There are 2 protein chains.
Amino acid sequence: MRHASKPVGLTAVAAQDLVSQIARSLTEAIVSGQLPPGSKVAEAAVARELGVSRAPVREAGRLLESQGLLVTHPGRGFFVRAHSPEDIDDLYDLRICIEKHAAVLAARRLTPEGAQALRRQLAVLDAAAQGHDPAAQVEEDYRLHRLICEMSGNRRLLRLFDDLSSELRIVIGLIGRLYDDPQRIADTHKPLLDAIESGDDARIAAAVEFHLGDAWRGVAGLVRAMPADPRGGHR
Amino acid sequence: MRHASKPVGLTAVAAQDLVSQIARSLTEAIVSGQLPPGSKVAEAAVARELGVSRAPVREAGRLLESQGLLVTHPGRGFFVRAHSPEDIDDLYDLRICIEKHAAVLAARRLTPEGAQALRRQLAVLDAAAQGHDPAAQVEEDYRLHRLICEMSGNRRLLRLFDDLSSELRIVIGLIGRLYDDPQRIADTHKPLLDAIESGDDARIAAAVEFHLGDAWRGVAGLVRAMPADPRGGHR
DNA sequence: AAAACGTCGACTGTCGACAGTTTTGAATTG
DNA sequence: CAATTCAAAACTGTCGACAGTCGACGTTTT
(Lines give C-alpha, C1' and ligand atoms only; values in the text may rest on other atoms or scores of the structure.)
Protein backbone atom coordinates (compact mmCIF):
# COMPACT_ATOMS: atom_id res chain seq x y z
CA MET A 1 0.00 0.00 0.00
CA ARG A 2 1.79 3.06 -1.23
CA HIS A 3 -0.45 6.02 -1.56
CA ALA A 4 -2.67 6.95 1.33
CA SER A 5 -5.68 6.46 -0.88
CA LYS A 6 -8.31 7.90 1.44
CA PRO A 7 -6.92 8.10 4.95
CA VAL A 8 -5.99 11.72 5.34
CA GLY A 9 -9.15 13.13 6.80
CA LEU A 10 -9.41 16.81 6.12
CA THR A 11 -11.84 18.85 8.08
CA ALA A 12 -15.27 17.67 7.07
CA VAL A 13 -16.63 20.84 5.58
CA ALA A 14 -19.96 21.68 7.11
CA ALA A 15 -22.52 21.30 4.40
CA GLN A 16 -25.12 22.54 6.85
CA ASP A 17 -26.96 25.23 5.07
CA LEU A 18 -28.75 28.46 5.23
CA VAL A 19 -31.53 27.30 7.49
CA SER A 20 -29.28 26.63 10.47
CA GLN A 21 -27.47 29.86 9.86
CA ILE A 22 -30.69 31.83 9.76
CA ALA A 23 -31.96 30.01 12.82
CA ARG A 24 -28.81 30.91 14.68
CA SER A 25 -29.09 34.49 13.59
CA LEU A 26 -32.67 34.72 14.76
CA THR A 27 -31.92 32.98 18.02
CA GLU A 28 -29.18 35.49 18.66
CA ALA A 29 -31.54 38.36 18.04
CA ILE A 30 -34.14 36.86 20.34
CA VAL A 31 -31.97 36.00 23.33
CA SER A 32 -30.22 39.32 23.05
CA GLY A 33 -33.52 41.05 23.48
CA GLN A 34 -33.25 42.69 20.11
CA LEU A 35 -36.51 40.98 19.24
CA PRO A 36 -38.57 41.32 22.40
CA PRO A 37 -41.19 38.72 23.37
CA GLY A 38 -44.44 39.15 21.51
CA SER A 39 -42.90 41.02 18.63
CA LYS A 40 -43.65 39.99 15.10
CA VAL A 41 -41.04 38.30 12.97
CA ALA A 42 -41.84 39.18 9.38
CA GLU A 43 -40.46 36.70 6.90
CA ALA A 44 -39.88 39.22 4.15
CA ALA A 45 -38.02 41.60 6.43
CA VAL A 46 -35.72 38.87 7.71
CA ALA A 47 -35.17 37.57 4.20
CA ARG A 48 -34.31 41.00 2.91
CA GLU A 49 -31.99 41.74 5.77
CA LEU A 50 -30.11 38.49 5.38
CA GLY A 51 -30.09 38.62 1.61
CA VAL A 52 -31.93 35.35 1.12
CA SER A 53 -35.37 34.34 -0.02
CA ARG A 54 -38.32 33.65 2.22
CA ALA A 55 -38.24 29.88 1.89
CA PRO A 56 -35.27 29.18 4.15
CA VAL A 57 -36.46 31.84 6.57
CA ARG A 58 -39.76 30.04 6.85
CA GLU A 59 -38.06 26.77 7.58
CA ALA A 60 -35.85 28.36 10.19
CA GLY A 61 -39.00 29.74 11.74
CA ARG A 62 -40.52 26.30 11.91
CA LEU A 63 -37.38 25.05 13.53
CA LEU A 64 -37.42 27.74 16.18
CA GLU A 65 -41.09 27.11 16.72
CA SER A 66 -40.38 23.50 17.54
CA GLN A 67 -37.78 24.75 19.98
CA GLY A 68 -40.28 26.98 21.68
CA LEU A 69 -38.64 30.25 20.69
CA LEU A 70 -41.36 31.31 18.28
CA VAL A 71 -45.06 30.74 18.01
CA THR A 72 -47.16 30.72 14.87
CA HIS A 73 -50.49 32.41 14.51
CA PRO A 74 -51.99 30.94 11.36
CA GLY A 75 -52.26 33.53 8.68
CA ARG A 76 -50.42 36.09 10.74
CA GLY A 77 -46.93 34.79 10.91
CA PHE A 78 -44.27 34.18 13.53
CA PHE A 79 -44.03 35.93 16.87
CA VAL A 80 -41.38 35.76 19.54
CA ARG A 81 -42.80 33.63 22.26
CA ALA A 82 -43.80 35.46 25.41
CA HIS A 83 -43.45 33.15 28.37
CA SER A 84 -45.91 33.62 31.17
CA PRO A 85 -44.76 33.12 34.74
CA GLU A 86 -46.58 29.80 34.69
CA ASP A 87 -44.55 28.77 31.66
CA ILE A 88 -41.37 29.49 33.58
CA ASP A 89 -42.62 27.37 36.44
CA ASP A 90 -43.41 24.53 34.07
CA LEU A 91 -40.00 24.77 32.49
CA TYR A 92 -38.09 24.69 35.74
CA ASP A 93 -40.27 21.98 37.18
CA LEU A 94 -39.56 19.80 34.17
CA ARG A 95 -35.91 20.72 34.15
CA ILE A 96 -35.48 19.68 37.74
CA CYS A 97 -37.21 16.43 36.97
CA ILE A 98 -34.91 15.45 34.15
CA GLU A 99 -31.69 16.84 35.57
CA LYS A 100 -32.28 14.91 38.73
CA HIS A 101 -32.57 11.80 36.64
CA ALA A 102 -29.59 12.73 34.51
CA ALA A 103 -27.38 13.32 37.53
CA VAL A 104 -28.31 9.97 39.03
CA LEU A 105 -27.55 8.21 35.77
CA ALA A 106 -24.31 10.13 35.36
CA ALA A 107 -23.21 9.16 38.85
CA ARG A 108 -23.83 5.53 38.05
CA ARG A 109 -21.55 5.59 35.00
CA LEU A 110 -19.05 8.05 36.38
CA THR A 111 -15.44 7.45 35.44
CA PRO A 112 -12.40 9.19 36.89
CA GLU A 113 -12.05 11.09 33.64
CA GLY A 114 -15.68 12.11 33.84
CA ALA A 115 -15.29 13.42 37.35
CA GLN A 116 -12.25 15.33 36.26
CA ALA A 117 -14.11 16.86 33.33
CA LEU A 118 -16.85 18.04 35.66
CA ARG A 119 -14.35 19.59 38.06
CA ARG A 120 -12.63 21.31 35.19
CA GLN A 121 -15.86 22.80 33.91
CA LEU A 122 -16.73 23.98 37.38
CA ALA A 123 -13.39 25.76 37.52
CA VAL A 124 -14.12 27.45 34.21
CA LEU A 125 -17.50 28.53 35.50
CA ASP A 126 -15.99 29.91 38.66
CA ALA A 127 -13.46 31.83 36.64
CA ALA A 128 -16.20 33.35 34.52
CA ALA A 129 -18.09 34.29 37.65
CA GLN A 130 -15.03 35.87 39.22
CA GLY A 131 -14.41 37.75 36.01
CA HIS A 132 -17.86 39.31 36.24
CA ASP A 133 -18.72 38.38 32.69
CA PRO A 134 -22.46 37.68 32.79
CA ALA A 135 -22.66 36.24 29.29
CA ALA A 136 -19.78 33.86 29.86
CA GLN A 137 -21.23 32.91 33.21
CA VAL A 138 -24.53 31.86 31.71
CA GLU A 139 -22.72 30.03 28.95
CA GLU A 140 -20.41 28.07 31.22
CA ASP A 141 -23.20 27.28 33.61
CA TYR A 142 -25.11 25.86 30.69
CA ARG A 143 -22.10 23.82 29.64
CA LEU A 144 -21.72 22.28 33.06
CA HIS A 145 -25.32 21.21 33.21
CA ARG A 146 -25.15 19.92 29.67
CA LEU A 147 -22.10 17.90 30.54
CA ILE A 148 -24.02 16.14 33.27
CA CYS A 149 -26.82 15.34 30.87
CA GLU A 150 -24.30 14.09 28.36
CA MET A 151 -22.83 11.79 30.95
CA SER A 152 -26.23 10.32 31.64
CA GLY A 153 -25.73 8.37 28.44
CA ASN A 154 -29.32 9.03 27.39
CA ARG A 155 -29.19 10.90 24.12
CA ARG A 156 -32.88 11.65 24.04
CA LEU A 157 -32.58 13.24 27.44
CA LEU A 158 -29.73 15.36 26.19
CA ARG A 159 -31.84 16.56 23.29
CA LEU A 160 -34.61 17.50 25.66
CA PHE A 161 -32.15 19.41 27.80
CA ASP A 162 -31.03 21.35 24.76
CA ASP A 163 -34.62 22.17 23.91
CA LEU A 164 -35.40 23.35 27.41
CA SER A 165 -32.22 25.39 27.46
CA SER A 166 -33.01 27.28 24.31
CA GLU A 167 -36.44 28.10 25.69
CA LEU A 168 -35.00 29.25 28.95
CA ARG A 169 -32.46 31.34 27.14
CA ILE A 170 -35.15 33.76 26.08
CA VAL A 171 -35.94 34.47 29.68
CA ILE A 172 -32.39 34.38 30.97
CA GLY A 173 -31.26 36.60 28.15
CA LEU A 174 -33.84 39.20 29.03
CA ILE A 175 -33.00 39.16 32.65
CA GLY A 176 -29.40 39.71 31.76
CA ARG A 177 -27.11 39.12 34.63
CA LEU A 178 -28.82 36.69 36.90
CA TYR A 179 -26.09 35.01 38.84
CA ASP A 180 -24.19 37.96 40.16
CA ASP A 181 -22.60 36.41 43.13
CA PRO A 182 -19.58 34.20 42.46
CA GLN A 183 -19.95 32.75 45.90
CA ARG A 184 -23.42 31.54 45.15
CA ILE A 185 -22.18 29.78 42.05
CA ALA A 186 -19.74 27.78 44.10
CA ASP A 187 -22.23 27.23 46.89
CA THR A 188 -24.77 25.59 44.67
CA HIS A 189 -22.66 23.82 42.08
CA LYS A 190 -19.96 22.32 44.23
CA PRO A 191 -22.35 20.32 46.43
CA LEU A 192 -23.97 19.02 43.28
CA LEU A 193 -20.70 17.65 41.97
CA ASP A 194 -19.84 16.25 45.37
CA ALA A 195 -23.16 14.47 45.45
CA ILE A 196 -22.62 12.97 42.04
CA GLU A 197 -19.24 11.68 43.06
CA SER A 198 -20.72 10.22 46.22
CA GLY A 199 -23.10 8.13 44.14
CA ASP A 200 -25.86 8.55 46.71
CA ASP A 201 -29.13 8.93 44.79
CA ALA A 202 -31.00 10.75 47.50
CA ARG A 203 -28.18 13.17 48.01
CA ILE A 204 -27.93 13.82 44.30
CA ALA A 205 -31.64 14.48 44.04
CA ALA A 206 -31.49 16.87 46.95
CA ALA A 207 -28.53 18.71 45.48
CA VAL A 208 -30.17 19.14 42.09
CA GLU A 209 -33.37 20.25 43.69
CA PHE A 210 -31.61 22.76 45.85
CA HIS A 211 -29.45 24.14 43.08
CA LEU A 212 -32.11 24.44 40.42
CA GLY A 213 -34.72 25.46 42.92
CA ASP A 214 -32.48 28.37 43.76
CA ALA A 215 -32.23 29.38 40.12
CA TRP A 216 -35.97 28.88 39.70
CA ARG A 217 -36.81 31.20 42.55
CA GLY A 218 -34.42 33.79 41.19
CA VAL A 219 -35.80 33.71 37.68
CA ALA A 220 -39.43 33.47 38.75
CA GLY A 221 -39.07 36.42 41.04
CA LEU A 222 -37.46 38.59 38.41
CA VAL A 223 -39.94 37.59 35.74
CA ARG A 224 -42.94 38.36 37.88
CA ALA A 225 -41.44 41.69 38.76
CA MET A 226 -40.92 42.56 35.14
CA PRO A 227 -42.83 45.11 33.14
CA ALA A 228 -46.14 43.45 32.47
CA ASP A 229 -45.34 42.30 28.97
CA PRO A 230 -46.74 44.82 26.51
CA ARG A 231 -47.90 42.11 24.16
CA GLY A 232 -49.21 39.66 26.72
CA GLY A 233 -49.01 35.92 26.89
CA HIS A 234 -51.59 34.83 24.41
CA ARG A 235 -53.59 35.80 21.34
CA MET B 1 -73.47 47.52 14.86
CA ARG B 2 -76.22 46.21 12.64
CA HIS B 3 -75.16 43.70 10.12
CA ALA B 4 -73.13 40.88 11.21
CA SER B 5 -70.42 42.22 8.96
CA LYS B 6 -68.27 39.13 9.21
CA PRO B 7 -69.00 38.04 12.74
CA VAL B 8 -70.76 34.81 13.26
CA GLY B 9 -67.80 32.57 13.45
CA LEU B 10 -68.76 29.45 11.69
CA THR B 11 -66.31 26.71 11.97
CA ALA B 12 -63.21 28.81 12.21
CA VAL B 13 -61.75 26.43 9.72
CA ALA B 14 -58.07 26.46 10.26
CA ALA B 15 -56.71 28.26 7.27
CA GLN B 16 -53.18 27.06 7.54
CA ASP B 17 -53.73 23.38 8.00
CA LEU B 18 -52.36 22.18 4.72
CA VAL B 19 -49.12 21.54 6.50
CA SER B 20 -50.83 19.82 9.42
CA GLN B 21 -52.86 17.77 7.01
CA ILE B 22 -49.78 16.63 5.14
CA ALA B 23 -48.03 15.93 8.42
CA ARG B 24 -50.95 13.82 9.57
CA SER B 25 -50.99 11.98 6.30
CA LEU B 26 -47.30 11.23 6.51
CA THR B 27 -47.55 10.22 10.15
CA GLU B 28 -50.29 7.80 9.27
CA ALA B 29 -48.16 6.27 6.55
CA ILE B 30 -45.23 5.95 8.90
CA VAL B 31 -46.92 4.42 11.92
CA SER B 32 -48.87 2.08 9.67
CA GLY B 33 -45.62 0.73 8.37
CA GLN B 34 -46.42 1.82 4.85
CA LEU B 35 -43.24 3.85 4.97
CA PRO B 36 -40.80 1.54 6.73
CA PRO B 37 -37.96 2.92 8.85
CA GLY B 38 -35.03 4.05 6.78
CA SER B 39 -37.04 4.57 3.64
CA LYS B 40 -36.68 7.77 1.72
CA VAL B 41 -39.47 10.32 1.67
CA ALA B 42 -39.15 12.16 -1.62
CA GLU B 43 -40.72 15.60 -1.53
CA ALA B 44 -41.75 15.62 -5.15
CA ALA B 45 -43.43 12.24 -4.89
CA VAL B 46 -45.41 13.21 -1.80
CA ALA B 47 -46.36 16.53 -3.35
CA ARG B 48 -47.55 14.87 -6.52
CA GLU B 49 -49.52 12.24 -4.65
CA LEU B 50 -51.28 14.80 -2.48
CA GLY B 51 -51.78 17.30 -5.27
CA VAL B 52 -49.84 20.11 -3.62
CA SER B 53 -46.53 21.78 -4.20
CA ARG B 54 -43.30 20.90 -2.51
CA ALA B 55 -43.22 23.87 -0.14
CA PRO B 56 -45.83 22.67 2.36
CA VAL B 57 -44.47 19.14 2.10
CA ARG B 58 -41.09 20.44 3.11
CA GLU B 59 -42.52 22.22 6.09
CA ALA B 60 -44.44 19.16 7.16
CA GLY B 61 -41.19 17.25 6.91
CA ARG B 62 -39.49 19.72 9.21
CA LEU B 63 -42.34 19.36 11.63
CA LEU B 64 -42.07 15.60 11.68
CA GLU B 65 -38.36 15.88 12.02
CA SER B 66 -38.77 17.92 15.17
CA GLN B 67 -41.08 15.20 16.42
CA GLY B 68 -38.48 12.56 15.79
CA LEU B 69 -40.41 10.76 13.06
CA LEU B 70 -38.11 11.77 10.25
CA VAL B 71 -34.45 12.54 9.95
CA THR B 72 -32.89 14.73 7.33
CA HIS B 73 -29.62 14.01 5.62
CA PRO B 74 -28.42 17.31 4.20
CA GLY B 75 -28.61 17.28 0.47
CA ARG B 76 -30.38 13.95 0.40
CA GLY B 77 -33.74 14.66 1.89
CA PHE B 78 -36.00 13.10 4.50
CA PHE B 79 -35.88 9.54 5.72
CA VAL B 80 -38.14 7.68 8.09
CA ARG B 81 -36.26 7.44 11.32
CA ALA B 82 -34.94 4.02 12.20
CA HIS B 83 -34.75 3.65 15.95
CA SER B 84 -31.95 1.55 17.30
CA PRO B 85 -32.59 -0.60 20.37
CA GLU B 86 -30.61 1.96 22.34
CA ASP B 87 -32.98 4.67 21.15
CA ILE B 88 -35.88 2.66 22.50
CA ASP B 89 -34.13 2.32 25.81
CA ASP B 90 -33.52 6.06 25.93
CA LEU B 91 -37.12 6.78 25.12
CA TYR B 92 -38.57 4.51 27.78
CA ASP B 93 -36.07 5.62 30.35
CA LEU B 94 -37.05 9.21 29.77
CA ARG B 95 -40.70 8.37 29.63
CA ILE B 96 -40.59 6.64 32.98
CA CYS B 97 -38.79 9.63 34.41
CA ILE B 98 -41.41 12.15 33.36
CA GLU B 99 -44.47 10.00 33.89
CA LYS B 100 -43.34 9.28 37.40
CA HIS B 101 -43.19 12.99 37.98
CA ALA B 102 -46.49 13.59 36.22
CA ALA B 103 -48.26 10.98 38.29
CA VAL B 104 -46.96 12.45 41.51
CA LEU B 105 -48.08 15.92 40.49
CA ALA B 106 -51.43 14.61 39.33
CA ALA B 107 -51.97 12.88 42.64
CA ARG B 108 -51.28 16.10 44.48
CA ARG B 109 -53.95 18.00 42.54
CA LEU B 110 -56.35 15.13 42.22
CA THR B 111 -60.03 15.99 42.45
CA PRO B 112 -62.93 13.57 42.73
CA GLU B 113 -63.84 14.39 39.14
CA GLY B 114 -60.28 13.72 38.09
CA ALA B 115 -60.24 10.34 39.77
CA GLN B 116 -63.51 9.51 38.12
CA ALA B 117 -62.17 10.49 34.71
CA LEU B 118 -59.19 8.20 35.20
CA ARG B 119 -61.40 5.30 36.22
CA ARG B 120 -63.60 5.90 33.23
CA GLN B 121 -60.68 5.87 30.83
CA LEU B 122 -59.38 2.69 32.39
CA ALA B 123 -62.77 1.11 31.76
CA VAL B 124 -62.62 2.18 28.12
CA LEU B 125 -59.15 0.72 27.85
CA ASP B 126 -60.25 -2.54 29.39
CA ALA B 127 -63.14 -2.71 26.97
CA ALA B 128 -60.82 -2.21 24.03
CA ALA B 129 -58.55 -4.91 25.36
CA GLN B 130 -61.45 -7.34 25.85
CA GLY B 131 -62.59 -6.56 22.35
CA HIS B 132 -59.26 -7.64 20.95
CA ASP B 133 -58.86 -4.49 18.93
CA PRO B 134 -55.13 -3.84 18.96
CA ALA B 135 -55.33 -0.39 17.40
CA ALA B 136 -57.98 0.79 19.85
CA GLN B 137 -56.01 -0.71 22.70
CA VAL B 138 -52.92 1.26 21.86
CA GLU B 139 -55.00 4.38 21.36
CA GLU B 140 -56.86 4.13 24.67
CA ASP B 141 -53.70 3.23 26.53
CA TYR B 142 -52.15 6.37 25.13
CA ARG B 143 -55.16 8.41 26.21
CA LEU B 144 -54.98 7.16 29.75
CA HIS B 145 -51.35 8.05 30.10
CA ARG B 146 -51.94 11.38 28.47
CA LEU B 147 -54.73 12.11 30.89
CA ILE B 148 -52.35 11.63 33.78
CA CYS B 149 -49.86 14.02 32.21
CA GLU B 150 -52.63 16.50 31.60
CA MET B 151 -53.62 16.31 35.25
CA SER B 152 -50.07 17.12 36.27
CA GLY B 153 -50.90 20.69 35.35
CA ASN B 154 -47.55 21.14 33.66
CA ARG B 155 -48.22 21.98 30.05
CA ARG B 156 -44.63 21.70 28.97
CA LEU B 157 -44.53 18.22 30.37
CA LEU B 158 -47.65 17.35 28.42
CA ARG B 159 -46.03 18.58 25.24
CA LEU B 160 -43.01 16.44 25.91
CA PHE B 161 -45.24 13.44 26.50
CA ASP B 162 -46.89 14.03 23.13
CA ASP B 163 -43.50 14.23 21.47
CA LEU B 164 -42.30 11.02 23.07
CA SER B 165 -45.55 9.32 22.15
CA SER B 166 -45.30 10.14 18.49
CA GLU B 167 -41.77 8.81 18.46
CA LEU B 168 -42.81 5.64 20.21
CA ARG B 169 -45.68 5.22 17.83
CA ILE B 170 -43.31 4.33 15.03
CA VAL B 171 -42.08 1.41 17.03
CA ILE B 172 -45.40 0.39 18.52
CA GLY B 173 -47.01 0.64 15.12
CA LEU B 174 -44.47 -1.69 13.62
CA ILE B 175 -44.77 -4.19 16.38
CA GLY B 176 -48.48 -4.21 15.86
CA ARG B 177 -50.34 -5.88 18.64
CA LEU B 178 -48.20 -5.56 21.70
CA TYR B 179 -50.54 -5.79 24.60
CA ASP B 180 -52.41 -8.94 23.82
CA ASP B 181 -53.43 -9.95 27.25
CA PRO B 182 -56.39 -8.04 28.70
CA GLN B 183 -55.47 -9.33 32.10
CA ARG B 184 -52.08 -7.71 31.89
CA ILE B 185 -53.66 -4.40 31.04
CA ALA B 186 -55.66 -4.47 34.21
CA ASP B 187 -52.79 -5.83 36.25
CA THR B 188 -50.50 -2.99 35.42
CA HIS B 189 -52.86 -0.04 35.05
CA LYS B 190 -55.12 -0.56 38.00
CA PRO B 191 -52.36 -0.48 40.60
CA LEU B 192 -51.14 2.70 39.01
CA LEU B 193 -54.46 4.42 39.47
CA ASP B 194 -54.76 3.07 42.98
CA ALA B 195 -51.38 4.49 43.79
CA ILE B 196 -52.31 7.88 42.42
CA GLU B 197 -55.44 7.94 44.52
CA SER B 198 -53.46 6.94 47.57
CA GLY B 199 -51.27 10.01 47.17
CA ASP B 200 -48.21 8.12 48.34
CA ASP B 201 -45.27 9.35 46.26
CA ALA B 202 -43.12 6.27 46.69
CA ARG B 203 -45.99 4.00 45.81
CA ILE B 204 -46.78 6.03 42.72
CA ALA B 205 -43.20 5.93 41.59
CA ALA B 206 -43.06 2.21 42.06
CA ALA B 207 -46.30 1.70 40.17
CA VAL B 208 -45.19 3.79 37.20
CA GLU B 209 -41.85 2.08 37.16
CA PHE B 210 -43.42 -1.33 37.23
CA HIS B 211 -46.03 -0.57 34.62
CA LEU B 212 -43.80 1.17 32.11
CA GLY B 213 -40.91 -1.13 32.87
CA ASP B 214 -43.17 -3.94 31.80
CA ALA B 215 -43.99 -2.22 28.55
CA TRP B 216 -40.33 -1.36 28.06
CA ARG B 217 -39.22 -4.95 28.39
CA GLY B 218 -41.93 -6.04 25.99
CA VAL B 219 -41.05 -3.51 23.33
CA ALA B 220 -37.31 -3.87 23.75
CA GLY B 221 -37.52 -7.61 23.43
CA LEU B 222 -39.59 -7.48 20.29
CA VAL B 223 -37.45 -4.79 18.70
CA ARG B 224 -34.23 -6.66 19.31
CA ALA B 225 -35.80 -9.79 17.89
CA MET B 226 -36.81 -7.98 14.75
CA PRO B 227 -35.25 -8.32 11.33
CA ALA B 228 -31.99 -6.48 11.65
CA ASP B 229 -33.15 -3.25 10.09
CA PRO B 230 -32.22 -3.26 6.42
CA ARG B 231 -31.32 0.38 6.52
CA GLY B 232 -29.57 0.49 9.86
CA GLY B 233 -29.56 3.06 12.61
CA HIS B 234 -27.33 5.74 11.28
CA ARG B 235 -25.75 7.36 8.26
C1' DA C 1 -10.60 -8.55 -12.36
C1' DA C 2 -10.74 -4.77 -9.06
C1' DA C 3 -10.53 -0.04 -8.43
C1' DA C 4 -10.83 4.62 -9.97
C1' DC C 5 -12.92 7.90 -13.19
C1' DG C 6 -16.48 10.27 -15.73
C1' DT C 7 -21.12 10.85 -17.15
C1' DC C 8 -26.20 10.74 -16.52
C1' DG C 9 -30.43 11.13 -14.10
C1' DA C 10 -32.98 12.49 -10.02
C1' DC C 11 -33.63 15.31 -6.32
C1' DT C 12 -32.81 18.92 -3.02
C1' DG C 13 -32.14 23.79 -1.78
C1' DT C 14 -33.32 28.20 -3.10
C1' DC C 15 -35.59 31.71 -5.59
C1' DG C 16 -39.20 34.93 -7.51
C1' DA C 17 -44.19 35.37 -8.34
C1' DC C 18 -49.18 35.29 -7.44
C1' DA C 19 -53.58 35.10 -4.88
C1' DG C 20 -55.99 35.66 -0.61
C1' DT C 21 -56.03 37.68 3.85
C1' DT C 22 -54.85 40.70 7.51
C1' DT C 23 -53.34 45.13 9.09
C1' DT C 24 -52.72 49.91 8.57
C1' DG C 25 -54.17 54.39 7.81
C1' DA C 26 -57.07 57.84 6.09
C1' DA C 27 -61.43 59.58 4.97
C1' DT C 28 -66.10 59.85 6.59
C1' DT C 29 -69.93 60.25 9.63
C1' DG C 30 -72.77 60.85 13.76
C1' DC D 1 -64.06 64.90 18.39
C1' DA D 2 -64.62 59.83 18.67
C1' DA D 3 -66.09 56.00 16.34
C1' DT D 4 -66.83 53.70 12.01
C1' DT D 5 -66.03 52.60 7.29
C1' DC D 6 -63.46 51.78 3.54
C1' DA D 7 -59.39 51.40 0.58
C1' DA D 8 -54.44 50.79 0.05
C1' DA D 9 -50.35 48.42 1.69
C1' DA D 10 -48.09 44.53 3.58
C1' DC D 11 -47.75 40.00 4.54
C1' DT D 12 -48.63 35.03 4.52
C1' DG D 13 -49.41 30.60 2.18
C1' DT D 14 -48.64 28.35 -1.96
C1' DC D 15 -46.87 27.48 -6.43
C1' DG D 16 -43.68 26.56 -10.44
C1' DA D 17 -38.84 27.03 -11.96
C1' DC D 18 -33.81 26.80 -11.92
C1' DA D 19 -29.21 25.67 -10.42
C1' DG D 20 -26.19 22.86 -7.71
C1' DT D 21 -25.49 18.38 -5.59
C1' DC D 22 -25.71 13.49 -4.72
C1' DG D 23 -26.00 8.69 -6.11
C1' DA D 24 -25.91 5.17 -9.65
C1' DC D 25 -24.24 3.17 -13.64
C1' DG D 26 -21.23 2.28 -17.28
C1' DT D 27 -16.38 3.02 -18.85
C1' DT D 28 -11.58 3.22 -18.49
C1' DT D 29 -7.25 2.14 -16.22
C1' DT D 30 -3.88 -0.63 -13.48
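To find a chain, count down the sequence lines: A is the first, B the second, and so on, and within it residues start at 1. Because the structure is predicted, anything quoted here is derived from the model rather than measured.
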Check: A:H145/A:H211 side-chain N/O donor and acceptor closer than 3.5 Å: yes
Any side-chain donor near an acceptor of the partner, B:E140 and B:Q121, under 3.5 Å: yes
Output the single nucleotide from [options] whose closest atom is nearest the side chain of [X].
X	options	answer
B:P56	C:dT14, C:dA17, D:dC15	D:dC15
B:K40	C:dC11, D:dT14, C:dT14	C:dC11
A:E43	D:dT12, C:dT12, C:dC15	D:dT12

Can you measure [X] atom [atom1] to [N] atom [atom2] for me and round it to whole angstrom units?
X	N	atom1	atom2	result
B:L18	D:dT14	CG	C1'	8 Å
B:Q21	D:dG13	CD	C1'	14 Å
A:L50	C:dT14	CG	P	13 Å
B:E59	C:dT12	CD	C1'	16 Å
B:I22	D:dT14	CD1	P	8 Å
B:L63	D:dG13	CG	C1'	16 Å
B:R54	D:dG13	CZ	P	19 Å
A:F78	D:dG13	CZ	C1'	11 Å

Partner of A:D87 under salt bridge (charged side-chain N to carboxylate O under 4.0 Å, His left out), chosen from B:R159, B:R156, B:R155: B:R155
D:dT12 phosphate, OP1 or OP2, under 4.0 Å from A:R58 side-chain N/O: no
Side-chain donor/acceptor of A:R76 to base of D:dG13, under 3.5 Å: no
Distance (rounded to the nearest 0.5 Å) between B:D90 CG and A:N154 CG: 3.5 Å
Sugar-phosphate, base or nothing in reach of A:A42, heavy atoms under 4.0 Å: sugar-phosphate
Ion pair check, A:E28 and A:R24, cut-off under 4.0 Å: no
